[in-house]
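Protein chains get the first letters and strands the later ones, always in sequence-line order, with residue 1 at the start of each. Values below: all heavy atoms of this structure, side chains included; hydrogens, waters and symmetry mates excluded.
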Amino acid sequence: MLAPDATLEDRRRSRPAVPIYRGRRLTLAPHRRAPDPANLLEIRRWVRQARGPTALDVFCGAGGLSLGLKDAGFTILAGADSDPASVETHLATIGGLGYLGDLADPGDFLERLEVWGIEHVDLVAGGVPCQPFSRAGRSKIRHLVESGVRSPFDARTTLWRSFVRIVDALQPRAVLLENVPDLAAWEDGELLNEFRDSLEDLGYRTAARVLNAYEHRVPQHRARLFVVGLRAGREFKWPRPAKRTTVRDAISDLPAAPPAQREERLDYAGPSTALQKRLRRGVPRRDADAIYDHITRDVRPDDAEAFALLAPGQTYKTLPEHLRRYRCDIFDDKYNRLSWDGLSRSITAHMARDGYWYIHPEQNRTLSIREAARIQTFPDWFRFAGEPSHQYRQIGNAVPPLLAEAVGRALRRTLSTRGRPPQRSRGGFREDLLRWHTKNARNYPWRHTRDPWHVLLAEVCLHRTRAEQVVPVYEALIRLAPSPTSMVENADTARDIMRSLGLRGRADLMIDMARVIVERHGGRTPETREELLDLPGVGDYAASAVVVFALDRRVVLVDTNTTRIIQRVRGLERAGHWHFRSETYDLADSKGADAAFNYAMLDLGALICRPSQPLCSQCPVTKDCMAYQSRRYLPRQAQAQGGGR
DNA sequence: GTCCTGTGCA
DNA sequence: TGCACAGGAC
């Protein structure tokens, strides 16, 4: 027994670790209907005879996306991935052809497709590896780049360029890309815009949206970005939300299993919920009373004690101190017990390391491999090649099959309709907006500059301040300090100017900023987003403003004004930044959100599309505005809105 | 395979 | 501030 005053270090040392146990590697035979990979004639015949719309799954992983698309009626001709076990899983479960190789350069893959006789497919789908874009991964990678461990030119852009090259080579009727939502926030949306631009350049009309898995029968908090590209002016209709399911719906029928349960096959009594019945579909008759891979991790004695004390919804912090091995100031959610009637947290590849976020609702252990697969909505006949930790990784990285199926069905519906040119040509909104703006633009001195330093000055002054108030300050500052160097030299005078005009708090910030530019960048205002964000007082908005107004790049400036406009025009209630950016991408047309577009949006928000009592009668874009249109057709809302006069 | 330490965005 | 999802060392 340890003394009550034992340090964290003492407690750690005293704890017996669970002995390392390496699970059995599972080997899977190829699907019985898959062509023999050694027999080229057979492969070509198989490709020729493929029915229904055909698809290719690149970066296929275990095949969650493939399975969903298959269930939606697509024939998956081939899956490609750089991970051997994933390709093995894909070949065994999905069938078709498998390509094992690095797709950073897709040349070899494209050659192989040609050899196989695959010259055309209806759909190219894929989940480009997402770790570089995801939340916790991003900063880690930045850290690694800074410390020189990793090259900044990592695979994150090459991989989607590969994807575009494959699309270009095969010219499919449709394209589907899956990724983590943070891809949309990367570079303030520029990366996603570039990706969509390159598809649009190839003749695809693109749409992007973040879908929540729990809206498509998957009992899990899991938001994923989907980008769809369609030829021939087709309009994609996103799948409608379905009835939600819970953890209970997914796993309540599985037999109780102790920690360290290693039996591959256990007796099974049968499904009880609709979801369980769905996930038992396709299980061979001989396995009707068996469940596979209900394999669990061992649990350390101290963790077992902690799990026992942890009710669903309770946090790590509430545990007695002797059971907290991890620093409490960082982790308040190190452990998480699932609740029967709730959603699971997102099943991630991290399950291969520890399962602390996924403690079984009743049993004092983390989720078994089968339970993780169930919560990802993999059917019970679906097994994963490799060692247990590798199986967890494949499950965590997969697109939930039922979510993929929902998107796949929506795609099939769209593809089966005749392509029609869109009713309004794209660009209507942009043209109308800019035409209005040529006569109605507000004229501010900072709108005439293309000097990054001047834009920066203006943005710092404008933060939470009315533009009219900023005009004299800005003009005086530009005269006094046309460059960061002169700002440092005239720091006292600059401070006086700003103080006299009531922007006192901002003065020191601006002088700091100038000093850093002089010291770190030789007096030249930096031109990359990272360097701009590193300056004191520069946030996302200011960095984007510099990039758009001074450097000719195309980024949507998301603030309360533009958000409000998009909200009204698109009829959205509440949505994340990514959503607004995505909608703005559509409205901004092929020229994108350049300086002209952003200025016009800012002015529209300030002059016409005001927070209260918008001047819809003078608005140039009512044709495209859902709020305006629906008010017209819903007189009750119009009264409610107009009641205040 | 296991343990420990985080970050980013709304 | 809370919530949702990471990676490295050994």
Report yes if a side-chain nitrogen or oxygen of [X] is closer than 4.0 Å to either non-bridging phosphate oxygen (OP1 or OP2) of [N]; otherwise report no.
X	N	result
Arg222(A)	dA4(C)	no
Tyr326(A)	dC4(B)	yes
Arg345(A)	dC3(C)	no

Open item on the list: Tell me whether Arg570(A) is salt-bridged to Asp586(A), with the criterion being a basic N under 4.0 Å from an acidic carboxylate O.
Closed with: yes
Task: Salt-bridge contact Asp303(A)-Arg297(A) (side-chain N to carboxylate O under 4.0 Å) - done: no
Open item on the list: Any donor-acceptor pair, under 3.5 Å, between the side chain of Asp333(A) and the base of dC5(C), if you only look at N and O atoms?
Closed with: yes
Between [atom2] on [N] and [atom1] on [X], what's the gap in Å once rounded to a whole number?
X	N	atom1	atom2	value
Tyr316(A)	dC3(B)	OH	P	12 Å
Gln220(A)	dC5(C)	CD	C1'	12 Å
Arg224(A)	dA4(C)	CZ	P	13 Å
Lys334(A)	dC3(C)	NZ	C1'	16 Å
Leu225(A)	dC9(B)	CG	C1'	16 Å
Tyr356(A)	dG6(B)	OH	P	17 Å
Trp357(A)	dA4(C)	CH2	P	10 Å
Arg393(A)	dA6(C)	CZ	C1'	14 Å

Task: Separation between OG1 of Thr525(A) and CG of Leu532(A), rounded to the nearest 0.5 Å - done: 8.0 Å
Task: Partners meeting ring pair (Phe, Tyr, Trp, His ring centres under 6.0 Å) with Tyr316(A) (sequence neighbours left out) - done: Tyr335(A)
TODO: Taking only heavy atoms on the protein side, list every residue of residues 359-376 of chain A lying under 4.0 Å from any atom of DNA chain C, sorted numerically.
DONE: none
Task: Sole candidate of Arg374(A), Arg262(A), Arg370(A) that passes salt bridge (charged side-chain N to carboxylate O under 4.0 Å, His left out) when paired with Asp293(A) - done: Arg370(A)
Nucleotide nearest [X] when distance is taken to its side chain, options [options]:
X	options	answer
Arg353(A)	dG8(C), dT5(B), dA4(C)	dG8(C)
His350(A)	dT2(B), dA6(C), dC5(C)	dA6(C)
Ser389(A)	dA9(C), dG1(B), dA4(C)	dG1(B)
Glu387(A)	dC5(C), dG6(B), dG1(B)	dG1(B)

Open item on the list: Judged by each residue's nearest nucleotide on DNA chain B, which is more toward the 5′ side, Phe331(A) or His390(A)?
Closed with: His390(A)
TODO: By nearest nucleotide on DNA chain B, pick out whichever of Asp354(A) and Pro388(A) is the more 5' one.
DONE: Pro388(A)
TODO: Could you name each residue pair satisfying salt bridge (charged side-chain N to carboxylate O under 4.0 Å, His left out) that touches residues 349-362 of chain A, not counting sequence neighbours?
DONE: Lys334(A)-Asp354(A)
Task: Test side-chain contact (heavy atoms from CB on, under 4.5 Å) applied to Glu88(A) and Thr27(A), step by step - done: CA-CA 8 Å; Glu88(A) 186 181 339; Thr27(A) 310; 3.5 Å; yes
Open item on the list: Which label fits Phe163(A) and Phe195(A): parallel for a plane angle under 30°, tilted from 30 to 60°, or perpendicular past 60°?
Closed with: tilted
